[in-house]
Amino acid sequence: MGKHSKVLTEIIVNTTASETRVAILEDHRLVEFFAEREESARIVGNLYKGRVNAVLPGMQAAFVDIGLEKTGFLHVSDMILDDVEGDERTTRSRKVPRNVSIDQLLRKGQEILVQVTKEPIGTKGPRITTQVSLPGRFVVVMPNVTHIGVSRKIEDRDERTRLRALVEEVSPKGYGVIVRTVGKKTDEKAIKTDIETLISKWKKVQGAYARKSTPSLLHQDAELTTGIIRDIFTDEVDRLIIDSKTEYKAIIKYLQSISPELIDRVEHYEEEAPIFDAYEIEAEIEKALSPKIWLRKGGYIIVDHAEALVAIDVNTGRFTGDKNQEETIVQTNIEAAKEVARQLRLRDMGGIIVIDFIDMEREDNKSKVIETLRDALRRDRAKTRTFAVSDLGLVEMTRQRVRPSLLHYFSSNCPHCGGSGKRLSLASLAAKVDRLLRRTGTYCEDKKVEIQLNPELALFFDES
């Protein structure tokens, strides 16, 4: 990975009685957006006491009732064995061997403790796991796992060795611990306190599991603002601006206990203009719902959400270039690659993504575009994997999906077109009405039939 110039990073938080919205800006451009309403609070990270509804060996999966509208989906790969033996720190986890069928581990009606790893998306229920992980500021604690790890983003070998040795010294038997990126250069006291806090939280969960009925919520992960502070607000962030005095005070209090050095980077926004208008975020959110995104040089990309994937098409548009055709195409594709990476983060699109760049003749140009895309994706906190240009000129990639995309959050399918965005043409509607009248005349003896039409269709009839 090459060295990059420092990016100005700002977190803007807007809170109202009904909704909390968080925008992340890089060099004053919106790159990520989160929103949470009270009636649809996020559930990723929550722990539940659930009951197995069905065990399906053919799918190596089970459906678990956790008290939500949709049952949770548990795959055998997301399970660990209950027993933990020894204190072998090289063991990554007690994962289920591949030759074990899920019906050997679960039975219908069984009560189990699970954690949500993916929000319900579309018709699918939440994805759940028995591999519990509790995130803190500096570490993630995993009960019943004996793995000690350090975030891959901490690249300094000496620092990795120091942190690993420190965690092995202070973490108790029967718990796995991974040091988060924020844990870099953190002292023993802070990490030890973080581990102890998370283990105490886990013991409370165990107590709740023993006394609560099934199904029930055992532990709720941090709400949106607290989660952002815990997971994103690091020394790489230049400013955090929030328009709520109450939330501002709560953030300051929280930072005093975990990262007091960041307190002076938090600002309370007190101007009359809405905070998202002042930072030109509202208009950017509106654009993020449009399928067409214009590029600065005149090209554009089209984003199309299908059931199983997202298709992105790149076009030169108004950009004609001033050199040869190949150079024009390469410039458009490079600009599009950077914008695609931004849109994936901003719209929080996940799963399979297919990008149709404009066809290029030269292999070195194809490599240049792919490297631009991969380089732009390095700032994405979600896991991504990008493949080379296929024989059809397509780039296939995957992006970790944890929650519904921005489009799903803000919109619902049209009851008339069923989400296709298409309607019958006026000519087709007129023909349909004509057939309906003829059918009515066959079965009805009335001489007169009154029809109420949309004005646009009525005008079409008048002019036909």
Side-chain angles (χ1 to χ4, degrees), residues 43-68 70-121 123-135 140-149 152 168 171-178 198-199 202-203 205-210 212-219 221 308 350-352 383 385 398 400-402:
I43 62 171
V44 167
N46 288 2
L47 295 169
Y48 294 87
K49 182 178 183 179
R51 178 177 285 109
V52 179
N53 269 2
V55 180
L56 308 172
M59 294 176 61
Q60 278 287 69
F63 289 97
V64 182
D65 178 14
I66 56 175
L68 303 178
K70 297 173 182 174
T71 56
F73 178 82
L74 174 63
H75 191 264
V76 72
S77 62
D78 292 317
M79 296 184 67
I80 58 171
L81 301 176
D82 290 334
D83 60 311
V84 178
E85 300 173 359
D87 192 25
E88 178 54 54
R89 295 299 193 185
T90 58
T91 304
R92 179 165 293 275
S93 69
R94 301 284 296 171
K95 283 195 173 183
V96 177
R98 290 186 178 182
N99 60 346
V100 175
S101 176
I102 195 166
D103 59 356
Q104 295 175 257
L105 305 170
L106 296 175
R107 66 182 185 281
K108 185 177 179 180
Q110 182 177 342
E111 295 178 345
I112 56 172
L113 191 155
V114 295
Q115 184 173 38
V116 175
T117 58
K118 285 185 181 179
E119 299 276 353
I121 299 174
T123 58
K124 297 178 181 178
R127 181 90 182 233
I128 56 178
T129 179
T130 63
Q131 302 178 51
V132 174
S133 60
L134 299 171
V140 175
V141 166
M142 301 170 292
N144 302 328
V145 173
T146 54
H147 173 64
I148 299 297
R152 292 178 181 176
E168 286 181 347
S171 61
K173 180 180 177 180
Y175 292 91
V177 179
I178 295 177
L198 294 171
I199 290 177
W202 171 243
K203 288 179 177 177
V205 168
Q206 289 179 304
Y209 182 84
K212 284 196 171 186
S213 59
T214 309
S216 59
L217 173 67
L218 304 177
H219 166 73
D221 195 31
I352 299 170
K383 295 177 183 176
R385 190 179 179 191
T398 60
Q400 180 186 20
R401 174 159 46 194
V402 175

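For the pair V55 and K108, the tightest heavy-atom approach, listed with the atom from each and the gap, is CG2-N, 4.0 Å. Of all the heavy atoms in S133 and M142, the pair that sits closest is CB-CG, 4.0 Å. When all heavy atoms of R127 and S77 are compared, the pair lying nearest together is NH2-OG, 4.1 Å. Across I112 and L74, no two heavy atoms sit closer than the pair CD1-CD2, 3.9 Å. Closest non-hydrogen pair, Q115 versus V132, comes out as OE1-CA, 3.4 Å. Residue D65 comes nearest to P215 through the heavy atom pair O-CB, 3.5 Å, listed as atom of the first residue, atom of the second, then distance.
Taking CD of E119 as the reference point, atom CD1 of I43 lies at 5.0 Å (rounded to 0.5 Å). Atoms CH2 and CG, from W202 and L47 in turn, are 6.5 Å apart once rounded to the nearest 0.5 Å. Between N144 atom CG and T130 atom OG1 the span is 9.0 Å, to the nearest 0.5 Å.
Although no hydrogens or angles enter the test, the distance criterion places a donor-acceptor pair under 3.5 Å between the side chain of Q60 and the main chain of I102. K212 places a side-chain N or O within donor-acceptor distance of the main-chain N or O of L217, the cut-off being under 3.5 Å.
With contacts defined as side-chain heavy-atom distances shorter than 4.5 Å, the pair V64/L106 does not qualify.
Under the side chain to side chain donor-acceptor pair (under 3.5 Å) criterion, D103 pairs with S101, not counting sequence neighbours. A search for salt bridge (charged side-chain N to carboxylate O under 4.0 Å, His left out) contacts involving K49 returns E111, not counting sequence neighbours. With sequence neighbours excluded, the residues forming a salt bridge (charged side-chain N to carboxylate O under 4.0 Å, His left out) with D221 are R230, listed by chain and number.
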